[in-house]
Every structure is written in structure tokens, then in C-alpha cells.
There are 2 protein chains.
Amino acid sequence: MKIEPLLKYIDKYVSLTQEEMDVLVSKVIYRKYLKGQYLVQQGDVCKYSCFVISGCTKTFYMDDEGQEHIMMFSVEDWWTSDMSSFINQTPADFNIQFLENTELIMIPRDIIEELYERIPKLERLFRKIIEKAFIASQKRIVRNLSMTAKDRYIYFRNQYPLIEQRIPQYMVASYLGITKEFLSKIKSQLLT
Amino acid sequence: MKIEPLLKYIDKYVSLTQEEMDVLVSKVIYRKYLKGQYLVQQGDVCKYSCFVISGCTKTFYMDDEGQEHIMMFSVEDWWTSDMSSFINQTPADFNIQFLENTELIMIPRDIIEELYERIPKLERLFRKIIEKAFIASQKRIVRNLSMTAKDRYIYFRNQYPLIEQRIPQYMVASYLGITKEFLSKIKSQLLT
DNA sequence: TAAAAATGTTAAACTAAGTTAACAAAATTT
DNA sequence: AAATTTTGTTAACTTAGTTTAACATTTTTA
């Protein structure tokens, strides 16, 4: 089980004793998935909050017309789950699919509650992680409200240059809220 | 100091002892603002996380062209702050302005840290509040990506009928990410 | 209560982005 | 290496939403 990246990540937020680490390690699940598989499907209940050790996922909503709307990508050192479903144990709004073969550390819903009780530092950790996620989410909303598609693309390219390189362009378009054809047009405009 | 609504609100998430309540009450600030005043201005550091006892606020980003983009409204029993600025003590991205005379309970940045240490239940409370806010934020992103302006307006009207009634229509338009003229058109379409 | 300010409506001209469709290039599979 | 699938491009046409501007209505202030 490759858990080092998670411990290293956690250490940036809170410092755990060896004992606390051991408890954590004994409770979580290490698992590999193949490209194309699903971690969560819309309508299912999301049972795990997952830390990406290696690989890549997309989280997307599929609308009534069968169109995908990508909410986020997760790569190494990011968390992924359908938060609404995971917290409330209600049907998931989103699909989470692997874009590459992916290694995860998975924390089950009931275990995370137990960990909060046994290791308050972990509750602090997740409070901080969610604060950060919320802040990023708010900033994305305001970008979507105030910037043109072209500027959103430029921002994305600067912010996540490595993600852009490992993901098909039509998924970037979906994440930006535009069609692949329009992104293609934007890119050709930017070249001239 | 009207603090009852806050205690009642907290009680929905965690149950505090009388002593814990007393600590909390002794640390927070009660204050009234007038319509038109600002709680936070873009560029300032946001020093408080605030619970609305009565009244109403708008949180908005002002872009380079001087256009307002409304992120959220806060009414009774909601929290408001520029989270990014409050957490990191960095310049605020947003303005928060009072749309009515408003009563607030304000928690200073350093006090909230202290409260997390003294009353772990409060850290749990805020973890849960932020989880909820994050979930709502994600759902808003997906609505903005997947729904037309008309459908977003219908959703808003159904979700927040009371807010719609106390806020000028052009602010609703800004929140939805459209012009006031287009919202006017949508509304007239919906009548026929 | 008159005047001024803030808010809301309508319509024509315009533009950013979507749709459709045909084709090109890469990547994967056979 | 050929065939197939996936991904990306281009262009003509359409549409959702913006801009501008003039005017109407409501609310606030003098």
C-alpha cells in the first residue's frame, strides 16, 4: 500500500504522531482502478472520500440530453468524491470516472466519522481542506460570471498547464462550459 | 445583544453546554449596520465571519469595467464573509454590502481559532457549515454550466422565493449571470 | 406633492457561443 | 501496416444573450 503521498500531504496541514498515523493507515483502503472505470455513478450513493496517489479522474454531471458537464479533474494529491452524496449518503449528482489507470486511498463514510472522534486533528485537516475547496469553488463561479470563454481558457491553461496536457481538449471545453468547436476556434485565434 | 438566533442555529448542528455557550457569547460581537454600508470592500482584509440576525447583504465582485457580479445574498440565519480573505488574511476578492439595515453577530479571525481550540464542537460545527456551503457552490457551478438562463431563473425563483421579493430584479439578473434587460424578457415570456 | 432617483420594460442591432456537418489527424486495436 | 476509434479543425448557419437607447414605473427625497 502506497500511503506515503497521503501522509506527506497531511503533514502540510497538521502534524500527526506515529500512533495517529498508524490508526489512520489501518483504517483506510488502498485500491487501483483502470482507465474508463467509474468510482461513482450519478444516482449511486458515494461511499468513499478518495485521495489520488497516481492517475487522474473527471467528475461530471450528465444532463437530460446526455451532455456531459465536467465539474473538476483530480490528479495526484487531490481529493475526489461526490461531497453531497458522501456527506448525506444521498444519491450522487455526479459521475466520477478514471481518465487513466489510477491508485487511490479511500476513506469510507463511517470511518471518517470515527477518525474525527479519535483524532481531532483530522477533523481540523478536513475542515481546512474543505475551506480551500470552497474558496476555489467560489472563485470559479465568479470567473464563470465575469470572464469570456477565451479568458477562462487562458486562465485554465496558466493555472493547470500539466492537467491540460494529459486531458483531451474536448474535456477542457466541457470544464470551461463551452463546446469543443468553440475552444478549437479560441485556440486558433490565440495562435495568430 | 440578540444572540438567540445564533444559538438556535448552532443547536441544529451540535449541542453546546451552558458553559460553552457562555464562552462563545462572551467572545463574539453584536453590531448593526445601515443599508448601503459595506462589511468588506474588495482589496481589504476581511476580519470577521458574520452571522445575519436580521437584514440582508449582497456579496459581489466588481470587474475592471466596473460591472458588478453578485456571488450571493445573505439573509437571516446565513453566514457571510469573504472566506478566502478571512481564512488567509489576504486582500478580499469581493465586496459585501448591506441591502437593508442589518444586525450581525461577528466572529473575529483570531477568536474563531481560539474557539476551535477551546470548544472542539465549534470546529465540528464550522466543518459542517463549510461542507454544506461547498456542496451548494458545486451545485451552482453545474447549474451555470448546464442550464439556460431561463431555467436558472425558474430555479432561483422556486428555491429562494422570499429573497426574490426583497431584492431588486437587476440584482437577481446579476446573480444569474445575465443582464437586467434579458431577465426582463425572460419574465415577460414566462407570463404568456 | 413635486421632483429626483432608482428600478423595470421594450425593441432594434449586434456578438459570443452553439449547431451541424464534413473532413483531418492521432491514437489504439486488429 | 491497415482498419477503427478517438480526438481535433474548419466553415456556414443559428441562437441565446448583450448593447444601446428611449421610455415607463416605482420609490425616495425635498
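Fair warning: this is a prediction, and the values are worked out from it, not measured in the lab. These values consider heavy atoms only, across backbone and side chains, with no hydrogens, waters or symmetry-generated copies. Labels below follow one simple rule: chain letters A, B, ... track the order of the sequence lines, proteins then strands, and each chain is numbered from 1.
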Requested in this report: Indicate yes or no: at least one non-hydrogen side-chain atom of B:Glu76 is less than 4.5 angstrom from one of B:Pro5.
Outcome: no

Query raised in the report: To the nearest angstrom, how far is B:Ile178 atom CD1 from C:dT15 atom C1'?
Result: 17 Å

Report summary line: Taken to the nearest whole Å, NZ/A:Lys185 to P/C:dG18 is 10 Å

Query raised in the report: So which one's nearest nucleotide on DNA chain D is more toward 5', B:Lys35 or B:Thr148?
Result: B:Thr148

Report summary line: 5'-most contact on DNA chain C (nearest-nucleotide basis), A:Lys180 vs A:Met147, goes to A:Met147

Query raised in the report: Quick check: does any side chain N or O of B:Arg118 sit under 3.5 Å from a backbone N or O of B:Glu20, one acting as donor and the other as acceptor?
Result: no

Query raised in the report: Over how many whole Å does the gap from B:Leu99 atom CG to D:dT28 atom P extend?
Result: 13 Å

Requested in this report: Can you tell me the distance, in whole Å, between the NZ atom of A:Lys187 and the P atom of D:dG8?
Outcome: 8 Å

Query raised in the report: Of the candidate nucleotides D:dG8, C:dG8, D:dT19, which contains the atom at the shortest distance from the side chain of B:Pro168?
Result: C:dG8

**Report entry** Short side-chain donor-acceptor distance under 3.5 Å, B:Tyr61 and B:Gln42
**Finding:** no

Query raised in the report: Between B:Ser184 and C:dG8, does any side-chain N or O lie under 4.0 Å from OP1 or OP2?
Result: no

Requested in this report: Mind calculating the distance between CG (B:Leu191) and C1' (C:dT9) to the nearest angstrom?
Outcome: 12 Å

Query raised in the report: What does B:Tyr170 touch in the nucleic acid at a heavy-atom separation under 4.0 angstrom: a base, only the sugar-phosphate, or nothing?
Result: sugar-phosphate

**Report entry** Check: B:Tyr170/B:Glu68 side-chain N/O donor and acceptor closer than 3.5 Å
**Finding:** no

Query raised in the report: Is the Lys NZ or Arg CZ of A:Arg140 less than 6.0 Å from the centre of A:Tyr175's six-membered ring, within 45° of the axis?
Result: yes

Report task. May I have the distance from A:Gln67 (atom CD) to C:dG18 (atom P), rounded to whole angstrom? Result -> 9 Å

Query raised in the report: Once you round it to whole Å, what is the distance between P of C:dG18 and CG of A:Leu176?
Result: 10 Å

Query raised in the report: Looking at the side chain of B:Thr179, which of D:dT18, D:dT10, C:dG18 is the nearest nucleotide?
Result: D:dT18

Report task. Could you state the atom-to-atom distance from CD1 of B:Ile186 to P of C:dA11 in whole Å? Result -> 16 Å

Query - Per B:Glu181 side chain, nearest of listed nucleotides C:dT20, D:dA21, D:dT18 - result: D:dA21

Query raised in the report: To the side chain of B:Ser188, which of C:dT10, C:dA17, D:dT18 is closest?
Result: C:dT10

Query raised in the report: Closer than 4.0 Å, any side-chain N/O of B:Gln169 to the OP1 or OP2 of C:dA6?
Result: no

